[in-house]
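Both backbone and side-chain heavy atoms feed into the values below; hydrogens, waters and symmetry mates do not.
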Amino acid sequence: MLDFAAMRATLAEAYDLAPSMALAEEMRDIHAKMDRVVPLVDFARYAPYIRAINRLKAEKNAVILAHNYMTPEIYHGVADVVGDSLQLAIEATKVEAGTIVQCGVHFMAETSKILNPAKRVLIPDMAAGCSLAESITAEGIASMRAQYPGAPVVSYVNTTAEVKAASDICCTSSNAAQIVAAMESDVVIMTPDQYLAQNVAKQVPQKKVVWWAGSCIVHEQYTAEDITEFRKWNPETRVIAHPECPPSVVSVSDFSGSTSGIISYVEREKPQKAMLVTECSMASNIADALPEVDFVGPCNMCPYMKKITLEKILWSLHSGQAEVFVDPEIAAKARIAVERMIELSRKIAK
């Protein structure tokens with residue numbers, strides 16, 4: 001647990017973190033990337049932290065990898081690499097800096113450590129977990145293998161290192177269907193997201209896909225009834241859903257894709273109005289780059305992702321605390337599953 005009082009006292013001694021409109025004005029180039037969703041007066045609170053973090057990254061030879069669900073001030077202000085789980089996993093293999101600060105949830109930091117065992121990996125808040133990662137264990141994998149002997153296990157990257165180590169290959173929402181289709185067995189086990197598995201099963205009817213009963217606390221809250229009711233009053237709005245949503249939600253949407261897939265779709269189609277049926281920060285982070293699109297409708301926040309803040313990022317870089325470690329034996333096995341995913345994804349992309 002972070003001692004916020006001690007943390008803030010230490011940071012206040014080392015950095016000038018008082019809100020500053022003058023500094024906000026100086027950093028207009030950064031603010032311009034989030035102008036639609038972050039008023040300048042609010043940016044004045046973030047600017048001192050952004051300046052301090054960016055300076056500290058250079059001093060500490062550090063790089064920040066940020067997921068698409070990070071808030072705009074992190075996504076646009078301090079991140080060196082942004083993307084979905086697959087993009088971040090691939091970029092983690094290219095990092096030259098000695099320290100990686102993972103702005104996402106814990107399994108993402110573990111993945112970076114698995115792929116970079118010699119590097120220091122920090123996560124600004126160890127409590128940034130994941131409902132999916134917590135829903136499955138290595139023992140759960142073993143029980144699925146016992147039920148379906150010989151079937152390969154395709155595990156979502158939203159899992160712990162132990163689960164990855166017990167799996168044959170990993171996947172993300174952007175490559176899940178292709179990876180399942182590439183498995184030689186007629187039966188494929190998918191863990192831990194039941195809804196992603198069910199949506200993939202519709203895309204890959206030649207396979208019998210069986211799944212673990214896990215789900216994402218953000219995406220499981222959406223219902224087809226909600227979407228249908230919204231359409232009655234907003235018939236011109238394009239509804240775009242993440243495949244972690246229940247299949248009934250995906251079926252009444254106009255498009256379904258991973259976070260990177262959603263961004264590509266909106267950039268390509270540029271609908272007049274769009275509702276992103278996923279985590280709230282998705283729309284916030286692309287709003288300024290797509291001024292012609294009106295992002296409307298409800299969204300759900302991930303309480304784990306929102307544990308990552310500029311203040312905690314600065315503290316992590318300043319103190320070097322919240323370092324992520326993975327048992328070397330587990331990491332070696334998990335690395336095989338992750339690298340298989342990356343290698344297969346690259347072949348699929350060609």
Side-chain angles (χ1 to χ4, degrees), residues 1 65-67 69 84-90 92-93 100-117 119-146 152-176 179 188-197 210-220 244 258-259 279 302-308 316 322-342:
M1 293 290 290
L65 306 185
H67 191 267
Y69 293 165
D84 63 12
S85 298
L86 176 60
Q87 290 168 320
L88 295 183
I90 291 172
T93 66
I100 296 172
V101 181
Q102 195 81 37
C103 291
V105 290
H106 194 269
F107 76 79
M108 296 178 183
E110 277 193 335
T111 302
S112 286
K113 184 64 177 178
I114 288 166
L115 295 171
N116 296 276
K119 295 185 185 295
R120 177 188 237 186
V121 177
L122 306 174
I123 185 166
D125 191 332
M126 280 287 187
C130 172
S131 62
L132 275 176
E134 292 167 5
S135 74
I136 182 73
T137 62
E139 290 73 24
I141 297 288
S143 70
M144 291 291 284
R145 286 192 187 277
V153 176
V154 178
S155 285
Y156 206 15
V157 289
N158 301 40
T159 49
T160 63
E162 288 83 358
V163 168
K164 290 181 176 70
S167 305
D168 295 295
I169 190 170
C170 288
C171 75
T172 70
S173 54
S174 62
N175 63 20
I179 284 179
V188 178
I189 299 167
M190 287 193 72
T191 74
D193 193 310
Q194 59 184 317
Y195 298 133
L196 176 65
V210 294
W211 55 81
W212 184 263
S215 56
C216 167
I217 60 173
V218 170
H219 297 99
E220 69 180 355
E244 288 176 22
S258 65
T259 56
E279 214 278 343
C302 174
Y304 300 112
M305 289 284 187
K306 268 36 183 185
K307 287 184 178 294
I308 308 300
S316 187
E323 185 171 357
V324 174
F325 297 96
V326 180
D327 178 271
E329 287 188 19
I330 291 173
K333 294 177 181 177
R335 191 176 305 118
I336 294 171
V338 176
E339 289 179 343
R340 280 176 179 164
M341 173 190 73
I342 294 173

Please answer whether the main-chain N or O of D84 pairs with a side-chain N or O of Q87 as donor and acceptor at a distance below 3.5 Å. yes
One should read off an interatomic distance between D168 CG and I179 CD1, to the nearest 0.5 angstrom, of 12.0 Å
At what distance, to the nearest 0.5 angstrom, does CG of L132 lie from CD of Q194? 9.5 Å
Applying salt bridge (charged side-chain N to carboxylate O under 4.0 Å, His left out), can you list everything that pairs with E323, at least two apart in sequence or on another chain? R120
Quick one, V154 and C170 - any side-chain contact, counting heavy atoms below 4.5 Å? no
Start with the C-alpha gap between I141 and S155, add the side-chain angles, then the distance that decides, and say whether side chain to side chain contact (heavy atoms under 4.5 Å, CB included) holds. CA-CA 9 Å; I141 297 288; S155 285; 3.8 Å; yes
How close do C302 and E279 get, counting heavy atoms only, and between which atoms? N-OE2, 2.7 Å
Under 3.5 Å, sequence neighbours excluded: what are the donor-acceptor pairs made by side chains of residues 211-219?
unit_1	atom_1	unit_2	atom_2	d
W212	NE1	S135	O	2.8
S215	OG	E220	OE1	2.4
H219	ND1	E244	OE1	3.1
H219	NE2	T278	OG1	2.9

Using 0.5 Å steps for rounding, measure from the CD1 atom of I189 to the OG atom of S143. 8.5 Å
Is the shortest side-chain N to carboxylate O distance from D125 to K306 below 4.0 Å? no
Do the side chains of S258 and T172 get nearer than 4.5 Å, heavy atoms only? no
Would you say S112 and K119 make side-chain contact, with heavy atoms under 4.5 Å? no
Hey, mind stepping through V157 and F107 against side chain to side chain contact (heavy atoms under 4.5 Å, CB included) and telling me if it holds? CA-CA 8 Å; V157 289; F107 76 79; 4.2 Å; yes
Please step through side chain to side chain contact (heavy atoms under 4.5 Å, CB included) for the pair S85 and N158, ending with a clear verdict. CA-CA 8 Å; S85 298; N158 301 40; 4.3 Å; yes
Indicate the atoms forming the closest heavy-atom contact of L196 with D193, along with that distance. N-OD1, 2.8 Å
Hits for ring pair (Phe, Tyr, Trp, His ring centres under 6.0 Å) against H106, two or more places apart or cross-chain, chain-then-number order -> none
Straight-line distance of I308 CD1 to C103 SG, nearest 0.5 Å: 6.0 Å
Which heavy-atom pair separates I114 from R335 by the least distance, and what is that distance? O-NE, 2.6 Å
Heavy-atom pair of closest approach, residues I123 and G104: CD1-O, 4.1 Å
Quick one: are I100 and L65 in side-chain contact, heavy atoms under 4.5 Å? yes
Side-chain touch T137/E162, heavy atoms, less than 4.5 angstrom: no
Nearest heavy-atom pair of E110 and T159: which atoms, and what distance? OE1-O, 4.4 Å
For a side chain to side chain contact (heavy atoms under 4.5 Å, CB included) check, start with the C-alpha distance between K333 and D327, then their side-chain angles and the critical distance, and finish with the verdict. CA-CA 10 Å; K333 294 177 181 177; D327 178 271; over 6 Å; no
Are side-chain heavy atoms of K307 and V105 found at a separation under 4.5 Å? no
Heavy-atom side-chain proximity of M341 to N175 below 4.5 angstrom: yes
Side-chain contact test, heavy atoms from C-beta onward, threshold under 4.5 Å: evaluate it for V338 versus L115 and give yes or no. yes
Donor-acceptor pair, side chain of R145 and main chain of A166, under 3.5 angstrom: yes
Quick one: CD on Q102 to CG on L122, what's the gap to the nearest 0.5 Å? 10.5 Å
Distance from Y69 atom OH to Y304 atom OH, nearest 0.5 Å? 14.5 Å
